[in-house]
Amino acid sequence: PAYQTGFAMSAVLDPAAPALLRADFSRAEVVDTTALPWVNSPAVGVQRKLIERDGGEAARATSLVRYAPGASFAAHLHPLGEEILVLQGTFADEHGVYPVGTYLKNPPGSRHAPFTEQGCTLLVKLRHMQPDDGERVVIDTHRAPWLPGLVQGLSVKPLSDFAGEHAALVQWAPGTVFTAHRHWGGEEIYVIEGVFEDEHGRYPAGTWMRSPHLSQHAPFSRSGCTIFVKVGHLPEQG
């Protein structure tokens with residue numbers, strides 16, 4: 001689950017990460033990331049859970065990334081950007097230090113050399129931004145205010161907004177029900193805590209979901225939850 005402390009030291013080797021993994025954006029996907037194995041990255045002490053991937057080591061990808069204490073990654077370029085949500089520990093690079101709850105958007109063409117002193121776990125998205133999205137964003141979500149959502153019981157922390165693509169944290173009070181709606185440009189969700197639900201299933205903490213362009217659902221939460229949401233960034237298929 002997100003925000004879990006401690007590291008399980010077992011992992012499997014990743015001699016060749018799959019070039020295509022859940023790469024068909026016209027398909028709905030639901031992944032229990034707690035059941036995925038940790039695989040070793042090219043950097044010692046940095047491991048990943050591969051959620052979706054389109055490409056080799058330089059891929060459009062969504063992953064959970066775990067840095068052991070003291071681990072670092074070589075300086076590298078992000079041709080089509082990077083998005084990070086710090087789920088546990090403290091992440092850092094030459095531009096700053098980012099504690100748990102920090103949201104980062106490194107725009108296309110940015111470069112950094114990440115590391116950590118105490119260790120951290122991240123939700124990371126790579127190579128999915130529009131080339132002209134040049135804004136770097138750093139938000140301490142623990143300090144950012146919750147804003148009223150569209151229905152009672154729903155609260156939102158906006159994170160990024162560019163040309164129809166939006167990212168936010170959304171908090172659902174117990175018993176909150178949202179109206180059925182269609183996803184123009186798709187929707188992606190990572191459940192940080194609690195249990196998110198819709199008419200198709202029940203999604204506890206650690207669940208990643210992708211709903212394609214023009215898909216529809218009617219979400220709710222009986223027990224309450226907090227989710228990371230991206231909308232409008234998927235190809236217009238289906």
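FYI, side chains are in, hydrogens and waters are out, and symmetry mates aren't considered; it's all heavy atoms of this structure.
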Considering all heavy atoms of both residues, which atom of [X] and which atom of [Y] are nearest to each other, and what is their separation?
{"X": "A168", "Y": "P158", "value": "CB-CA, 4.1 Å"}
{"X": "P174", "Y": "S223", "value": "CG-O, 3.4 Å"}
{"X": "T116", "Y": "A68", "value": "CG2-O, 3.5 Å"}
{"X": "V65", "Y": "V124", "value": "CG2-CG2, 3.7 Å"}
{"X": "P114", "Y": "A74", "value": "CD-O, 4.3 Å"}
{"X": "S221", "Y": "G224", "value": "OG-N, 2.8 Å"}

ask   = With under 30° as parallel and over 60° as perpendicular, where do the rings of H112 and F91 fit, or are they tilted in between?
value =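 Geometry flag for F91 against H112: perpendicular rings.
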Q.
Suppose we screen for side-chain contact (heavy atoms from CB on, under 4.5 Å). Which residues come up paired with V97, at least two apart in sequence or across chains?
A.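 Per chain and number, V97 pairs via side-chain contact (heavy atoms from CB on, under 4.5 Å) with T90, A92.
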Just so I know, are the side chains of [X] and [Y] near enough to count as touching, which here means a heavy-atom distance under 4.5 Å?
{"X": "W172", "Y": "F196", "result": "yes"}
{"X": "K230", "Y": "E83", "result": "yes"}
{"X": "L87", "Y": "L64", "result": "yes"}
{"X": "H217", "Y": "H183", "result": "yes"}
{"X": "D93", "Y": "Y98", "result": "yes"}
{"X": "R48", "Y": "R53", "result": "yes"}
{"X": "P69", "Y": "Q118", "result": "no"}
{"X": "I192", "Y": "L85", "result": "yes"}

Under 4.5 Å between side-chain heavy atoms, hopping through other hydrophobics if needed: is there a path connecting [X] to [Y]?
{"X": "L159", "Y": "L147", "value": "no"}
{"X": "F228", "Y": "V137", "value": "yes"}
{"X": "V39", "Y": "V44", "value": "no"}
{"X": "L154", "Y": "V231", "value": "yes"}
{"X": "F220", "Y": "V195", "value": "no"}

Show the numbers, then the answer: is there a side-chain contact (heavy atoms from CB on, under 4.5 Å) between V229 and E187? CA-CA 7 Å; V229 182; E187 180 184 58; 3.9 Å; yes
Test side-chain hydrogen bond (donor to acceptor under 3.5 Å, both in side chains) applied to D32 and Y203, step by step
CA-CA 8 Å; D32 176 5; Y203 317 106; over 6 Å; no
If we ignore hydrogens and angles and just use 3.5 Å, is the side chain of [X] paired with the main-chain N or O of [Y] as donor and acceptor?
{"X": "K49", "Y": "P37", "result": "no"}
{"X": "R66", "Y": "T121", "result": "no"}
{"X": "E197", "Y": "R222", "result": "yes"}
{"X": "S72", "Y": "F115", "result": "no"}

Value rounded to 0.5 Å, distance of [atom1] in [X] from [atom2] in [Y]:
{"X": "C120", "Y": "Q88", "atom1": "SG", "atom2": "CD", "value": "7.5 Å"}
{"X": "H95", "Y": "L104", "atom1": "NE2", "atom2": "CG", "value": "10.5 Å"}
{"X": "L77", "Y": "L80", "atom1": "CG", "atom2": "CG", "value": "9.5 Å"}
{"X": "S215", "Y": "H200", "atom1": "OG", "atom2": "NE2", "value": "8.0 Å"}
{"X": "W208", "Y": "S63", "atom1": "CH2", "atom2": "OG", "value": "10.5 Å"}
{"X": "H128", "Y": "Q130", "atom1": "NE2", "atom2": "CD", "value": "10.5 Å"}

Contacts of type side chain to side chain donor-acceptor pair (under 3.5 Å), residue K105, not counting sequence neighbours:
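By the side chain to side chain donor-acceptor pair (under 3.5 Å) rule, K105 matches D133, S160.
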With sequence neighbours left out, what residues match T226 under side chain to side chain donor-acceptor pair (under 3.5 Å)?
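If we apply the side chain to side chain donor-acceptor pair (under 3.5 Å) test to T226, skipping adjacent residues, the hits are E193.
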Original post:
Would T141 and R143 count as a side-chain contact (heavy atoms from CB on, under 4.5 Å) if you check the C-alpha gap in whole Å, the side-chain angles of each, and the deciding distance to 0.1 Å?
Top reply: CA-CA 5 Å; T141 66; R143 295 178 178 271; over 6 Å; no
Pair T62, K125: side-chain N/O donor-acceptor within cut-off below 3.5 Å
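Distance-only check passes for T62 and K125.
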Any donor-acceptor pair under 3.5 Å linking the side-chain atoms of H181 with those of Q216?
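No, no side-chain donor-acceptor pair sits under 3.5 Å.
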Is there a side-chain contact (heavy atoms from CB on, under 4.5 Å) between V156 and L169 once you walk through the steps?
-> CA-CA 6 Å; V156 179; L169 294 183; over 6 Å; no
**Prompt:** Which residues pass the ring-ring contact (aromatic ring centres under 6.0 Å, His included) test with W184, sequence neighbours left out?
**Reply:**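 Only H213 meet the ring-ring contact (aromatic ring centres under 6.0 Å, His included) criterion with W184.
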Could you check whether atom CD of E29 has more than 12 heavy atoms from other residues, nucleotides or ligands sitting under 6.0 Å from it?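 It does: E29 CD has more than 12 such atoms within range.
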With D161 via salt bridge (charged side-chain N to carboxylate O under 4.0 Å, His left out) - residues at least two apart: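 Residues passing salt bridge (charged side-chain N to carboxylate O under 4.0 Å, His left out) with D161: none at all.
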Scan for salt bridge (charged side-chain N to carboxylate O under 4.0 Å, His left out) pairs involving residues 198-211, sequence neighbours excluded, and state none if there are none.
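Applying salt bridge (charged side-chain N to carboxylate O under 4.0 Å, His left out) to every pair that reaches into residues 198-211, excluding sequence neighbours, yields E52-R210.
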Next on the checklist: Checking H78 against S110 for the side-chain hydrogen bond (donor to acceptor under 3.5 Å, both in side chains) test, could you report, in this order, the C-alpha distance in whole Å, the side-chain angles of both residues, the deciding distance, and whether it holds?
Outcome noted: CA-CA 5 Å; H78 294 297; S110 60; 5.3 Å; no
message = Let's go through T33 and T207 carefully: what are the C-alpha distance in whole Å and the side-chain angles of both, what is the deciding distance for side-chain contact (heavy atoms from CB on, under 4.5 Å) to 0.1 Å, and is it a yes or a no?
response = CA-CA 6 Å; T33 68; T207 302; over 6 Å; no
